[in-house]
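Since the structure is predicted, the reported quantities are computational estimates derived from the model, not experimental observations. Residue numbers start from 1 in every chain, and the chains themselves are labelled A, B, ... in the order their sequence lines are given, proteins ahead of strands.
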Amino acid sequence: MSILKFNWISPLLYLSLIYFFFSGQMHSQSKGAAKARIVSNGYSVDKDSSIQIGVLIELANGWHIYWKNPGDSGMPTSIEWNIPKKFQLVQMQWPFPMAFEFEGLVSYGYEDRVLFITDIILPKNDNSQILNMSVKIKSLLCKDFCIPFDTTINFTVDVHKDYTADENISGLFVKTKNALPITGDNIGLSARFNSDQIYLRIDKSSEYYLNSGSMNFIPYENGFFKNSSSQNLVLDKDYIELVLESDPFRIKDPKELYGLLIMNSNSDKSISRKAFEIRIPISE
Amino acid sequence: MKKYFAVLIIMFFSSLMYSQKAKLNEAAPGFTLKDSFEKEYSLSDFGGKIVVLEWINFECPFVKKHYNSNNMQNLQEKYTKDGIIWLAVCSSAKNKQGNFSNDEINSRSENLKTKYLAYLIDENGNVGKMYGAKTTPHMYIIDKKGKLVYAGAIDDKPSTDIDDIETAKNYVSSALDELLDSKNVGTQSSTPYGCSVKY
């Protein structure tokens, strides 16, 4: 039995978070290899008509959880928000995942820590001060073996009170927002099907033709493409093509490419990764 | 020198044997494996019969879901009574989760009252890779003509919750019922869910 080491947030900081953001209710759940809690990005009663909030999942070294498409194994992480009807929940955003590969099997998910951000729009002309909510998380924690991670976090926010986010937390919100996929509508992509492969092309006219280092496509839906952490890239003087292998057990050919295109750009100093959400038809 | 050459030839033909890849509606790749009682089974032993291959790892929470609820045993019992051959296959490598001694396997099988014909041991993962087994459970169905007619999940609820079984659409029982009624399998493929196979 291995002993897991995990550097939890310091007790002092933890207590200060409770003090600043929420009033008294339990808002954190720990399951050994992972801990989930609710964090806020600060809120001003006078200025803000919504509260930016996030589910922060912190994972012990070596463990990971899964993206909404888990890939070859695992289980999609689901996060279910339960808030009073008079509040409005903006769709939660998924940071782009990393690929975990072992023996040719590829999964998509997160390690270390991940923040799932959403906004809660406050009702206008409402005198209620307390917002009681719960978040139900269903996920699977894996390293060389897996354990279910199901937890419900109840929490309360006093919406008539200003909150200031801790520097670490606000920094995490900034970092997470930078890791959110952006639209890939302007890249100039096309896709064609040939035998058991799909070719995703960036033409020379695209500004991404020269800026692209390596790239990878991760589908939103399983079953059409072979999951892979390193797809072949064909470089031509007029275009770049990413070659995607079809899933050998697919029962129909995909009509479109819908998912994330992750581009890695190499500069002298660093490697940056950017995820684009793409949805393009596949021609024959 | 002759001995060395013979070993090379055996290795070459073994690699050819396992280089096949399973494909839907094509002949299911053949294999020979020993079970937890050291008895040897070959797929070719079951010509003319419907065969279910169930990838297994007793320690995986998804496998536990289907065994602790008796869902898997009930399916095994129901369909083996109809003459279907049900084989569990374990591709966990040595020292990986799910790789047990024969005694341990037999003890667990007895405690869980499993109804499969045999628990086959694929420690080197050759058969698992040949079939593209990704998860535990990962289910395959071979028809009477030896064609692979289903590959995928046991059902449509990718969770570890036993409560989900009741409301799940079970792809395996649907496919087996269709085959027993001499119909084509409606859903031939689905996304498998579960723990990764511990190759």
Between chain A and chain B: donor-acceptor pairs at under 3.5 Å:
residue: D72(A); atom: OD1; partner: K134(B); partner atom: NZ; Å: 3.0
residue: G74(A); atom: N; partner: G194(B); partner atom: O; Å: 2.6
residue: E103(A); atom: OE1; partner: K129(B); partner atom: NZ; Å: 3.0
residue: K138(A); atom: NZ; partner: D161(B); partner atom: OD2; Å: 2.4
residue: F249(A); atom: O; partner: S189(B); partner atom: OG; Å: 2.7

*Kindly write out the residues that satisfy side-chain contact (heavy atoms from CB on, under 4.5 Å) with R279(A), not counting sequence neighbours, or none if the list is empty.*
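With sequence neighbours excluded, R279(A) shows a side-chain contact (heavy atoms from CB on, under 4.5 Å) to E256(A), Y258(A), given in chain and number order.
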_If the condition is ring-ring contact (aromatic ring centres under 6.0 Å, His included), which residues does F225(A) pass it with, not counting sequence neighbours?_
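Expected list: F217(A).
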*Spatial distance of atom CD1 (I280(A)) from atom CZ (R192(A)) [nearest 0.5 Å]*: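 Here the rounded value is 12.5 Å.
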*Contact class of C146(A) relative to chain B, heavy atoms under 4.5 angstrom*: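 Contact with chain B: backbone and side chain both.
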*Over all atoms of both residues, closest heavy-atom pair of A36(A) and I57(A)*: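 Nearest heavy atoms, A36(A) then I57(A): CB-CG1, 4.1 Å.
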*Where do I198(A) and A191(A) come nearest, in terms of heavy atoms and distance?*
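For I198(A) versus A191(A), the nearest heavy atoms are CG2-CB, 4.4 Å.
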*With the side chain counted from C-beta on, respond yes when F31(B) and L120(B) share a heavy-atom pair under 4.5 Å apart, and no when they do not.*
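In contact.
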*Pairs involving residues 88-99 of chain A, ordered by first then second residue, that meet side-chain hydrogen bond (donor to acceptor under 3.5 Å, both in side chains) (sequence neighbours left out)*: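 Sorted result for residues 88-99 of chain A: empty, none.
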*So which part of C60(B) gets closer than 4.5 Å to some heavy atom of chain A, the side chain, the backbone, both or neither?*
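For C60(B), neither part sits under 4.5 Å from chain A.
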